[in-house]
Structure formats: C-alpha cells, structure tokens
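This report refers to the structure that appears directly beneath it.
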Amino acid sequence: MSTGIKSEMLAEVSISPMTNFVRDVAECIVKPKQCYDNSFKLLQRLIQTTTEDVKYVLGMCVCSSILPIEHAWIKVGAKYYDPTLEIVVGDIIANTYYSVMEFDLDEAITAMESVLERSDGDYCPPMFNRMVHSPIYKHLYMSQQERKAMFIGNSISLEL
C-alpha cells in the first residue's frame with residue numbers, strides 16, 4: 001500500500017448518507033479537495049452541537065472500485081459520514097472505505113502535536129504522511145524492511 005500502512009490495520013466501514021443535521025453543518029464548511037480540513041472542522045463544530053461522540057477518521061477510500069485514495073471523514077455515534085465526497089461529488093455509494101485511525105478532538109490534537117516539529121510548527125489535521133513520524137502511530141506502518149520485502153520476487157518486466 002502506498003501509504004505504508006500495514007494491511008491488517010485496515011477495517012472496512014460502511015458510510016451512511018449524512019443526516020439533515022450533519023449536512024446542514026457540513027454545507028457551511030466543506031470545500032473541494034480538502035477532506036482533512038473539512039473533516040477536522042466538522043469535528044470541531046459537531047462536538048459543540050451534539051451529545052453523540054464525534055470522531056475524525058483517517059483511512060482509505062476506494063472510489064468506484066478502482067482508485068484508492070488517502071482520505072478523511074467523520075464518525076458521529078456509530079455512523080460514518082463522508083462530508084467531502086457526499087457534498088462535492090454527490091455520491092458515496094460506489095465507494096469502499098477502510099478506517100485506519102479514529103480520533104476524538106483531544107486525540108487529534110495529541111496526534112498533531114506528536115509531529116509538530118516535522119510540520120514546521122503548523123497544526124494540520126492528522127494525515128498519513130505525517131502520522132508515520134508519530135511515535136504514537138508509527139506501529140501502524142510497515143518498516144522499510146517490510147516494504148522492501150513486499151517487492152522481492154514481484155518485479156515486472158516490460159516487453160516491447
């Protein structure tokens with residue numbers, strides 16, 4: 001996997017269409033191609049307006065069964081919602097989602113602080129390319145040796 005996440009860390013989850021309440025809040029926040037910011041801002045807003053547990057989710061989305069992308073979405077109570085793709089693209093049904101990390105607000109801030117020195121002092125929502133450097137989440141990633149072992153004996157040749 002391009003992110004270096006160990007495959008056993010992927011947990012398939014089902015995304016639901018947003019409730020009217022979540023959609024109303026999300027429509028004021030969501031911008032195209034900003035899933036990390038969208039989900040983090042929505043987490044911050046929803047924890048002020050609901051009694052349910054709200055989490056920021058970092059994972060993989062396989063769009064239309066062909067294109068895996070690093071992605072972020074939210075979890076409210078027991079339901080997962082993808083505000084970015086639902087609002088911007090309008091469709092979440094054809095996608096398959098795999099959760100890797102789930103953070104409440106305090107956990108997200110701790111995760112951001114754990115990589116602060118590698119992010120030029122900027123607080124950015126958790127992302128795969130930063131969490132690999134976190135002592136808290138490093139165990140979720142393959143080591144360099146494990147990544148190299150994946151490719152031994154799996155080379156391809158191109159014949160012209």
Side-chain angles (χ1 to χ4, degrees), residues 1-15 18 22 25-26 28-47 53-76 79-92 94-156:
M1 160 164 266
S2 67
T3 61
I5 292 289
K6 295 176 182 176
S7 60
E8 63 268 20
M9 297 298 154
L10 300 169
E12 188 170 351
V13 298
S14 296
I15 299 288
M18 289 185 286
V22 173
V25 176
C28 300
I29 294 170
V30 170
K31 295 180 181 168
K33 299 181 181 182
Q34 295 186 26
C35 66
Y36 304 106
D37 289 333
N38 294 338
S39 297
F40 190 72
K41 288 175 184 176
L42 195 52
L43 164 71
Q44 292 174 303
R45 185 77 53 89
L46 288 173
I47 62 171
D53 288 336
V54 182
K55 297 205 175 205
Y56 171 94
V57 182
L58 189 59
M60 299 297 294
C61 173
V62 181
C63 299
S64 302
S65 300
I66 55 167
L67 180 64
I69 59 171
E70 298 173 8
H71 196 50
W73 59 92
I74 61 166
K75 181 179 180 184
V76 180
K79 295 202 174 218
Y80 294 91
Y81 304 110
D82 184 347
T84 305
L85 290 182
E86 186 171 339
I87 289 175
V88 174
V89 178
D91 182 24
I92 55 166
N95 303 332
T96 305
Y97 292 81
Y98 298 92
S99 171
V100 177
M101 302 174 224
E102 298 185 8
F103 310 88
D104 63 23
L105 183 59
D106 290 338
E107 292 166 335
I109 291 170
T110 299
M112 291 186 287
E113 289 174 343
S114 74
V115 294
L116 201 54
E117 66 187 41
R118 294 196 61 98
S119 56
D120 299 324
D122 290 334
Y123 278 87
C124 299
M127 301 177 201
F128 283 113
N129 65 338
R130 293 176 189 246
M131 293 298 98
V132 69
H133 303 290
S134 169
I136 303 167
Y137 298 100
K138 196 172 191 107
H139 70 281
L140 300 173
Y141 294 82
M142 290 184 281
S143 67
Q144 279 297 108
Q145 193 171 17
E146 290 170 309
R147 290 182 87 160
K148 285 179 186 175
M150 280 180 40
F151 294 102
I152 294 176
N154 292 324
S155 62
I156 57 172

Please round to the nearest 0.5 Å and tell me the distance separating atom [atom1] of [X] and atom [atom2] of [Y].
{"X": "Leu116", "Y": "His133", "atom1": "CG", "atom2": "NE2", "result": "13.5 Å"}
{"X": "Ser114", "Y": "Lys138", "atom1": "OG", "atom2": "NZ", "result": "11.0 Å"}
{"X": "Leu105", "Y": "Ile109", "atom1": "CG", "atom2": "CD1", "result": "4.0 Å"}
{"X": "Glu102", "Y": "Ile74", "atom1": "CD", "atom2": "CD1", "result": "11.5 Å"}
{"X": "Ile29", "Y": "Gln34", "atom1": "CD1", "atom2": "CD", "result": "12.0 Å"}

Tell me the closest heavy-atom pair linking [X] and [Y], and the distance in Å.
{"X": "Tyr141", "Y": "Glu146", "value": "O-OE1, 4.2 Å"}
{"X": "Lys55", "Y": "Glu107", "value": "NZ-OE1, 4.1 Å"}
{"X": "Asn38", "Y": "Lys31", "value": "ND2-O, 2.8 Å"}
{"X": "Pro126", "Y": "Leu58", "value": "O-CD1, 3.7 Å"}
{"X": "Trp73", "Y": "Gly59", "value": "CH2-CA, 3.6 Å"}
{"X": "Thr84", "Y": "Val30", "value": "CA-CG1, 3.9 Å"}

I'd like to know if the side chain of [X] and the backbone of [Y] have a donor-acceptor N/O pair within less than 3.5 Å.
{"X": "Glu86", "Y": "Pro83", "result": "no"}
{"X": "Asp122", "Y": "Cys124", "result": "no"}
{"X": "Glu70", "Y": "Phe128", "result": "no"}
{"X": "Ser99", "Y": "Val13", "result": "no"}

Flag side-chain contact, heavy atom, 4.5 Å: [X] against [Y]:
{"X": "Val57", "Y": "Ser39", "answer": "no"}
{"X": "Tyr123", "Y": "Glu113", "answer": "yes"}
{"X": "His71", "Y": "Leu85", "answer": "yes"}
{"X": "Ile92", "Y": "Tyr81", "answer": "no"}
{"X": "Leu43", "Y": "Val54", "answer": "yes"}
{"X": "Thr96", "Y": "Glu12", "answer": "yes"}
{"X": "Met112", "Y": "Phe40", "answer": "yes"}

Set of residues satisfying salt bridge (Lys or Arg N to Asp or Glu O under 4.0 Å) with respect to Lys41, sequence neighbours excluded: none
What verdict does the side chain to side chain contact (heavy atoms under 4.5 Å, CB included) test give for Met18 and Val76, after you've listed the backbone C-alpha separation in whole Å, the side-chain angles of each residue and the deciding distance to 0.1 Å? CA-CA 10 Å; Met18 289 185 286; Val76 180; over 6 Å; no
Under the side chain to side chain donor-acceptor pair (under 3.5 Å) rule, collect the residues that match up with Gln44, sequence neighbours excluded. none
Who pairs with Tyr97 by side chain to side chain donor-acceptor pair (under 3.5 Å), at least two apart in sequence or on another chain?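 Only Asp82, Asn95 meet the side chain to side chain donor-acceptor pair (under 3.5 Å) criterion with Tyr97.
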Out of the candidates Val115, Leu140, Ile136, only one should pair with Met131 under the side chain to side chain contact (heavy atoms under 4.5 Å, CB included) rule; please name it.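 When Val115, Leu140, Ile136 are each tested with Met131, the side chain to side chain contact (heavy atoms under 4.5 Å, CB included) holds only for Val115.
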Other residues, nucleotides and ligands only: do more than 12 of their heavy atoms fall within 6.0 Å of CD on Gln145? no
Tell me whether Asp53 at atom CG has more than 12 heavy atoms from other residues, nucleotides or ligands lying less than 6.0 Å away.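 Result for CG/Asp53: open.
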For residues Phe103 and Tyr137, establish whether the separation of their ring centroids is below 6.0 Å. yes
